[in-house]
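Please read the structure below before turning to the comments.
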Amino acid sequence: MSENYIKIESKSSIDNIAPIRICVATFLSSLNIHIDELMDVKTALSEAVTNAVDHAYDEESDSKIIVEAKIRDDEKIIITVKDFGKGIEDIPLAMTPMYTSKPENEHAGMGFTIMESFMDEVIVDSVIKNGTTITLTKDIRKKSTNKV
Ligand code: ADP
Ligand code: MG
């Protein structure tokens, strides 16, 4: 098994969402990956990081998120987005399409739905007052096997 990874520790700030996305996308571009699949991964990643920034912490001071991107055997992408914030009380409810705990702030409640539709697997681990880790995985199609 071959594995490569990067790990980004970041302040939980809206300013860092785009840099994280660009960094992970650049890392993944070493793969033989379709541009549309790369877009899917970037979109799902953005939703997970945006959630950590928007929902995990009440105050921004010194709060951090850790994003890890892994490539396994040149065919599997595994991304984790970890925060150390308040945690999610009811995970099935949080993952319900159109559910949001912040309807007043123009949240559509579609973040988890988008992650699930663009990735093969979305795993949510969350402990109240300890934080949340989202694991996103995708098996990529090989370009060479996609000619027909
Ligand atoms: P939205 O972000 O538009 O509210 P999502 O589907 O992305 O919708 O998330 C649904 C809900 O799950 C959020 O409203 C929030 O209550 C909860 N949630 C998601 N991610 C986190 C997180 N990292 N920490 C705490 N709560 C979260
Ligand atoms: Mg969201």
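We use all heavy atoms of the structure for the numbers below, so side chains are in, but hydrogens, waters and symmetry mates are not. For ligands, and for the atoms within them, numbers begin at 1 and follow the listed sequence.
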* Asked: For atom 15 (C) of ligand 1, what's the nearest protein heavy atom and its distance?
  -> S101 OG, 3.4 Å
* Sequence neighbours left out, what passes side-chain hydrogen bond (donor to acceptor under 3.5 Å, both in side chains) with E3? Give chain and number order. => R72
* Asked: Has ligand 1 got any nitrogen or oxygen that is less than 3.5 angstrom from a nitrogen or oxygen of H55?
  -> yes
Check residues 130-139 and write down every donor-acceptor pair under 3.5 Å in which the side-chain atom is one partner and the other belongs to a residue at least two apart or another chain.
residue : atom : partner : partner atom : Å
T132    : OG1  : S126    : OG           : 2.8
K138    : NZ   : F118    : O            : 2.7
D139    : OD1  : K76     : NZ           : 3.3

* Residues in side-chain hydrogen bond (donor to acceptor under 3.5 Å, both in side chains) with D40, at least two apart? -> none
* Asked: Any chance CE of M39 has more than 12 other-residue heavy atoms, nucleotides or ligands included, within less than 6.0 Å?
  -> no
* In ligand 1, which numbered atoms sit nearer than 4.0 Å to a non-hydrogen atom of G109? -> 1 (P), 3 (O), 6 (O), 8 (O)
* Asked: When you look for heavy atoms under 4.0 Å from ligand 1, do you find them on the side chain of T113, its backbone, both, or neither?
  -> neither
* Asked: Which is it for A108 and ligand 1 at heavy atoms under 4.0 Å: side chain, backbone, both or neither?
  -> backbone
* Is T100 close to ligand 1, meaning an N/O of one under 3.5 Å from an N/O of the other? -> yes
* Closest to atom 6 (O) of ligand 1 (judged by heavy-atom distance), picking from G111, S126, G131 -> G111
* For H107 and ligand 1, does the shortest N/O to N/O distance drop below 3.5 Å? -> no
* Below 3.5 angstrom, do we get any N/O pair linking D83 and ligand 1? -> yes
* When you look at V67 and V49, which way does the side-chain contact (heavy atoms from CB on, under 4.5 Å) test go after all the steps? -> CA-CA 8 Å; V67 176; V49 176; 4.1 Å; yes
* Structure fact -> Protein-side N, O or S atoms sitting under 2.8 Å from the Mg ion (ligand 2) are N51 OD1
